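Since this is a predicted model, take the numbers as computed values, not measurements. Sequential numbering from 1 along the given sequence is applied to the chain's residues.
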Amino acid sequence: MPASELVVTQGKFSPMSLFDKYVSKAFRHGTLTIIDHKGVARNFGVPTTGFPDVAVRFADGRVARDIALAPDVGAGEAYMDGRLIMEKGDVLDLVSLLRMNNPWDKGGNSGNPNIWRDSLRKAKGRVDRINWARRSKRNVAHHYDLSDRLYDLFLDADRQYSCAYFTDPGNTLEQAQADKKAHIAAKLALAPGQRVLDIGCGWGGMALYLNRVADVDVLGITLSEEQLKVARQRAEASGVADRVRFELIDYRDVTGPFDRIVSVGMFEHVGPRHYEAFFRKCRDLLTDDGVMLLHTIGRLGEPGVTDAWTAKYIFPGGYSPALSEIVSASERTRLLATDIETLRLHYGLTLQHWYNRVVEKRAEIEALYDERFYRMWQFYLAGATAAFENGSLCNYQLQYSRRRRTLPITRDYIRDEEERLRTLSVT
């Protein structure tokens, strides 16, 4: 009898019994039907209003074993390989059902972990987050140097690959991304002629926007050769290449000074070990009346570890920090945290738009790469959506200044400028 089909061996749990125990505890509300490779169906959970009804089929007897022995990667790899097959609902329904049964807000992810396995996982996470300068470019290239066409298929026209800002949950993705840029620009308190540094400039959308709406000069820096190429082309096409420049350079090698610094979606790649050095460098780059706006994925509650599947396939070296990790690092550099905002729901809404577009463009993505890549990308966006909707992830926007009197004494200026900027063009 194959090992994966054993229930008990000499008084010890087999992988199959561990899997059943895990599933029974994980899926209490909503229903999950699992059809094994022999066609035998087992049902878990109970019908519950608002919870999905999902059915999956395992193509072989190893799927349950792989998930039981390595929950962090087993399900994702089985789905990528076509061995975990959705029979009812899609993969977003499956991961959402799991998260909804164990939401962070109600104590999720705080059960009784295997102490030794958890310790090893955290130790590996710490090693993976040591983001030496020579590794940073390789890590960035792994994700951001993919085909331009891929990102065109699911991002907005400006290629904003970060959390949008939904002033209304019913807004389009394009409107929400335009509102995100206005929200950030307002917090920068810009004035014509200022020098702005955009750390992790992506395809140049934020830098070009700030130049257009505030008459500022911008240096955008990236470690992605593909993003650099597109950003420079966009600046040339807009006729502002003399005022909006883009360079392939690590933030540690930039020289200042700058009146403003903005960084959107880059801090996740810095690594906790380098947080203080990052903020110290930013402080050194700012003028005395300088202001910085940091927009980053974060985690609610205490520090944690990047899940193994995401670290392996999507963001090697990536880590979403707890607010305590960000603030404790920045306060040691005497940067003043002048405004902190937690975006609790916005990235879940953003990711839902991206996920729907990826599913809609499946054929084109498979033509670019293959079916396995499509499944990987779909699983990534599904898992991220569920993590922001019911897991421990959120977004933080932190505004910093070097001096306490640089910014207005109340937050009204943010609201007023944001309203003005929203009257301008969508992009």
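- Sorted pairs that involve residues 253-266 and meet salt bridge (charged side-chain N to carboxylate O under 4.0 Å, His left out), not counting sequence neighbours, are lacking altogether.
- Side-chain polar atoms of Gln175 and Asp179 form a donor-acceptor pair below 3.5 angstrom.
- Residue Arg57 qualifies as open at atom CZ: its count of foreign heavy atoms under 6.0 Å is 12 or below.
- Evaluation of the ring pair (Phe, Tyr, Trp, His ring centres under 6.0 Å) rule for Tyr251 yields Phe278 as partners, not counting sequence neighbours.
- A donor and an acceptor atom, one from each side chain of Asp307 and Thr310, are located under 3.5 Å apart.
- For residues 73-82, every residue pair satisfying the salt bridge (charged side-chain N to carboxylate O under 4.0 Å, His left out) rule, not counting sequence neighbours, is listed here: Glu77-Lys312, Asp81-Arg372.
- Between His29 and Met100, the closest side-chain pair of non-hydrogen atoms is not below 4.5 Å.
- For the pair Val254/Ile249, a side-chain contact is recorded, criterion being any heavy-atom separation below 4.5 Å from C-beta on.
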Let's go through Ser24 and Asp20 carefully: what are the C-alpha distance in whole Å and the side-chain angles of both, what is the deciding distance for side-chain hydrogen bond (donor to acceptor under 3.5 Å, both in side chains) to 0.1 Å, and is it a yes or a no? CA-CA 6 Å; Ser24 297; Asp20 285 349; over 6 Å; no
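- Ion pairing of Glu364 with Lys361 is present here, as a side-chain N (NZ or NE/NH1/NH2) and a carboxylate O approach within less than 4.0 Å.
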Determine whether Gln160 and Lys181 satisfy the following criterion, side-chain hydrogen bond (donor to acceptor under 3.5 Å, both in side chains), listing intermediate values before the conclusion. CA-CA 9 Å; Gln160 290 294 306; Lys181 287 176 285 188; 5.6 Å; no
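- Partners of Arg332 according to the salt bridge (charged side-chain N to carboxylate O under 4.0 Å, His left out) rule, which considers only residues two or more places apart in sequence or in another chain, are Glu276.
- Side-chain contact between Glu226 and Val230 is absent, with no heavy atoms from C-beta onward closer than 4.5 Å.
- When the ring pair (Phe, Tyr, Trp, His ring centres under 6.0 Å) test is applied to Phe246, no partner is found at least two apart in sequence or on another chain.
- Looking at Thr385 and Gln352, their side chains never bring a donor and an acceptor atom within 3.5 Å of each other.
- For Tyr369 and Trp377, the gap between ring centers reaches or exceeds 6.0 Å.
- Residues meeting the ring pair (Phe, Tyr, Trp, His ring centres under 6.0 Å) test with Phe388, sequence neighbours left out: Tyr347.
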Please determine whether salt bridge (charged side-chain N to carboxylate O under 4.0 Å, His left out) holds for the pair Glu418 and Arg415, giving the CA-CA distance in whole Å, both sets of side-chain angles, and the decisive distance to 0.1 Å. CA-CA 5 Å; Glu418 190 171 347; Arg415 179 201 60 210; over 6 Å; no
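- Under the 3.5 Å distance criterion, with hydrogens and angles disregarded, no donor-acceptor pair is assigned to the side chains of Ser320 and Glu268.
- Looking at Glu366 and Arg362, a side-chain N of the basic residue comes within less than 4.0 Å of a carboxylate O on the acidic one, giving a salt bridge.
- The side-chain heavy atoms of Leu219 and Val196, taken from C-beta on, include no pair separated by under 4.5 Å.
- The side-chain tip of Arg159 does not point at the ring of Tyr151 from less than 6.0 angstrom away and within 45° of straight on.
- In this structure, Arg243 pairs ionically with Asp215, as a charged nitrogen and a carboxylate oxygen lie closer than 4.0 Å.
- Ring geometry for Trp354 against Tyr161 counts as tilted: the plane angle lies between 30° and 60°, on a 0 to 90° scale.
- The distance between the ring centers of Trp309 and Tyr380 does not fall below 6.0 angstrom.
- Taking the ring centroids of Phe279 and Phe267, they lie under the 6.0 Å cut-off.
- Taking OG1 from Thr222 and CZ from Arg232, the interatomic distance works out to 10.5 Å, rounded to the nearest 0.5 Å.
- Ring-centre distance between Phe379 and Tyr355: not below the 6.0 Å cut-off.
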